[in-house]
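Worksheet: the structure to be examined is printed underneath.
Given the structure is predicted, the values throughout are model-derived calculations rather than measurements. Each chain gets a letter, A, B and so on, in the order its sequence line appears, and its residues count up from 1.
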Amino acid sequence: MRSRQDIVEIFSSFIQFNADRFSNWVTEPKLRRSMQNSLIQSPQATTKENFWALYWYKLWLAQPESLAFGHLYAYLQEAGYWAAQNIVTNFTSSQHTLADCFQMAITKVDKILQGFNSQQGFNLKNYASAIFTSTIKETLRQRQEVDICTDWSLLRKLSHKRLEEALQNAGLSPEKIASYLLAWNCFKTIYVPIQAGATRQLAKPDSVTWEAIAKLYNSQNPSTKIHQAETLEQWMLACAKAARSYLYPTVASINTPKPGQDSGEWLDNLPELQGESLLTNIITQEEIQNRQTQYKQISEVLVAVIAKLDVQAQQILKLYYGEALTQQQMAAQLDIKQYTISRRLTKCREELLKALAQWSQDLHISLTSDVLKNISAVLDEWLQGHYSQTELKSSRE
DNA sequence: CTCACGTAGCCAGCCTGTAG
DNA sequence: CTACAGGCTGGCTACGTGAG
């Protein structure tokens, strides 16, 4: 896919698919005019996408019926596309196409805007990526495409109230429910994951853990009947099954992209929001937390590396990412050749990538070419964000 | 299609540090 | 001293993309 560079295009065009591949960007004339006018009228006259994302977001808050929604819908196309591609590449075999997944994601723009909080120090695109990814996974999961949450993870995430409702919903007797809930409490007490994060793929507890759970259960159980570890395991599986059937609502149909769709009709074709499953909310929250933590960690790593670079390298990064100069302009300003600028930039990015790669390896993320591509994209986005923020700060001082 | 522009790859040459 | 490796730069040019 060709990423959009022009600020007007970024806020006024939409992805068109052809035979499940990115075909082209289609511009909505009304949005284009609106964006051009806004650019002319803006006292800052900036072409920074973060600025405009925030601008349209704030306008959308004040006037939800305005064109702001259309601009943001256009803006988040790439985030939706990359989320869809990531899922198609890494998680599903399957009959679901890239265009299909993209559609699952992009229908959530409304929800994203409602859930977004600009005060959290999180940019809209990152926030949207998190929601897009979890939305697609959840929709696929509902269609039995991927099992992204093991029974054991689900059991750990459930609240007491929710599990009780699920068991009641499954038609169990109050005595049985009480036993199951007690067993579940023991399970939660004993089976605490050692590794933070990655809790969705929590594995089945080992036999020692089951014995410990059974021991705790038997010590707390008011009746004298002793239950074996195997029974407890069966109960927990029954709880997970009940929770799944209780938590997942009937799957709403997803609008598929319409081939040859006229670009002028997109507003009329916005799919309606689907009913939210509770699990989606749980996963989304986890996804956002993970992202925020990761973003903070990435920032710390990169800021440290940049501080170690020589002065000229730092200056080049600042001019390129902060002031958006071309290599030619930088060459003239710094009195060095364009190709030297290019090489230094490449070298800086290499240094930063190396640090990021090291960081991701420390998290035991294997560095496949896809991962590296993602890291590289994250790095570029981070650099742009980093230098536009430092510029904002220095202009205020 | 051509043309302009921005970027980066290729190759040669220079400089510096190090080992023998 | 020489030989060599590694890093950097200069010059040229290919490639991708957008505009006309």
Side-chain angles (χ1 to χ4, degrees), chain A residues 1-19 21-40 45-52 71 74-82 85 98 102 125 263-264 302 305-358 367 369-388 391:
Chain A
M1 182 192 62
R2 173 181 73 81
S3 288
R4 298 167 293 180
Q5 302 300 325
D6 178 68
I7 197 74
V8 174
E9 196 188 4
I10 288 173
F11 286 92
S12 65
S13 63
F14 302 90
I15 286 178
Q16 194 100 28
F17 285 94
N18 184 12
R21 294 190 62 169
F22 169 80
S23 160
N24 59 320
W25 290 103
V26 178
T27 299
E28 222 289 312
K30 209 154 120 190
L31 291 177
R32 191 188 170 88
R33 277 194 300 277
S34 154
M35 188 64 203
Q36 281 168 335
N37 288 338
S38 306
L39 262 177
I40 293 165
T46 176
T47 54
K48 296 226 164 60
E49 64 173 66
N50 282 346
F51 169 85
W52 286 104
H71 285 300
Y75 173 58
L76 294 174
Q77 298 280 300
E78 267 131 343
Y81 180 89
W82 292 117
Q85 196 180 53
L98 177 61
F102 172 75
K125 219 175 197 174
S263 62
L302 296 179
V305 177
I306 289 175
K308 281 188 204 152
L309 294 173
D310 64 65
V311 178
Q312 195 182 46
Q314 292 185 24
Q315 197 177 11
I316 287 174
L317 284 175
K318 186 167 169 259
L319 291 174
Y320 192 74
Y321 289 103
E323 296 180 23
L325 297 188
T326 67
Q327 293 181 5
Q328 295 280 13
Q329 290 167 325
M330 288 156 64
Q333 192 167 327
L334 302 175
D335 198 28
I336 39 182
K337 302 285 180 189
Q338 172 270 322
Y339 35 78
T340 306
I341 300 273
S342 173
R343 285 175 195 137
R344 297 222 174 133
L345 263 177
T346 306
K347 202 159 160 48
C348 290
R349 281 193 289 248
E350 269 171 19
E351 291 296 318
L352 294 165
L353 260 179
K354 256 195 265 174
L356 271 188
Q358 184 58 52
L367 293 173
S369 60
D370 274 337
V371 173
L372 280 173
K373 207 162 75 183
N374 280 340
I375 293 180
S376 191
V378 166
L379 174 62
D380 256 26
E381 191 183 320
W382 182 88
L383 283 166
Q384 270 165 25
H386 176 70
Y387 282 105
S388 56
E391 245 194 88

Trace of the side chain to side chain donor-acceptor pair (under 3.5 Å) decision for Q338(A) with Q328(A)
CA-CA 5 Å; Q338(A) 172 270 322; Q328(A) 295 280 13; 5.0 Å; no
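- The salt bridge (charged side-chain N to carboxylate O under 4.0 Å, His left out) search around K354(A) returns E351(A), not counting sequence neighbours.
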Between the protein and nucleotides 5-9 of chain B, are there any N/O to N/O pairs under 3.5 Å, and if so, what are the atom names and distances?
residue, atom, partner, partner atom, Å
dT7(B), OP1, Y320(A), OH, 3.0
dT7(B), OP2, Q327(A), N, 2.6
dA8(B), OP1, R349(A), NH2, 3.1
dA8(B), OP2, Q327(A), NE2, 2.8
dA8(B), OP2, S342(A), OG, 3.3
dA8(B), N7, Q338(A), NE2, 3.2
dA8(B), N6, Q338(A), OE1, 3.2

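- Distance E350(A) CD to dG6(C) P: 16 Å, rounded to the nearest Å.
- Taking side-chain N and O atoms only, K347(A) has no distance below 4.0 Å to OP1 or OP2 of dG7(C).
- Taking atom NZ of K337(A) as the reference point, atom P of dC14(B) lies 17 Å away to the nearest angstrom.
- When all heavy atoms of A74(A) and S12(A) are compared, the pair lying nearest together is CB-N, 3.7 Å.
- Within the 3.5 Å criterion, the main-chain N or O of K30(A) finds no donor-acceptor partner in the side chain of S34(A).
- Under a 3.5 Å cut-off, the side chain of Q327(A) and the backbone N or O of I341(A) do not form any donor-acceptor pair.
- Taken over five-pair windows at either terminus, the axes of the helix from dC1(B)-dG20(C) to dG20(B)-dC1(C) are inclined to one another by 10° (rounded to 10 degrees).
- Residues H71(A) and L31(A) approach most closely at CE1-O, 3.1 Å, considering heavy atoms.
- Contact check for H386(A) versus L317(A): no side-chain heavy atoms found under the 4.5 Å cut-off.
- The interatomic distance linking I341(A) (CD1) with dG11(C) (P) rounds to 15 Å, in whole Å.
- Counting heavy atoms from C-beta on, the side chains of C348(A) and L309(A) come closer than 4.5 Å.
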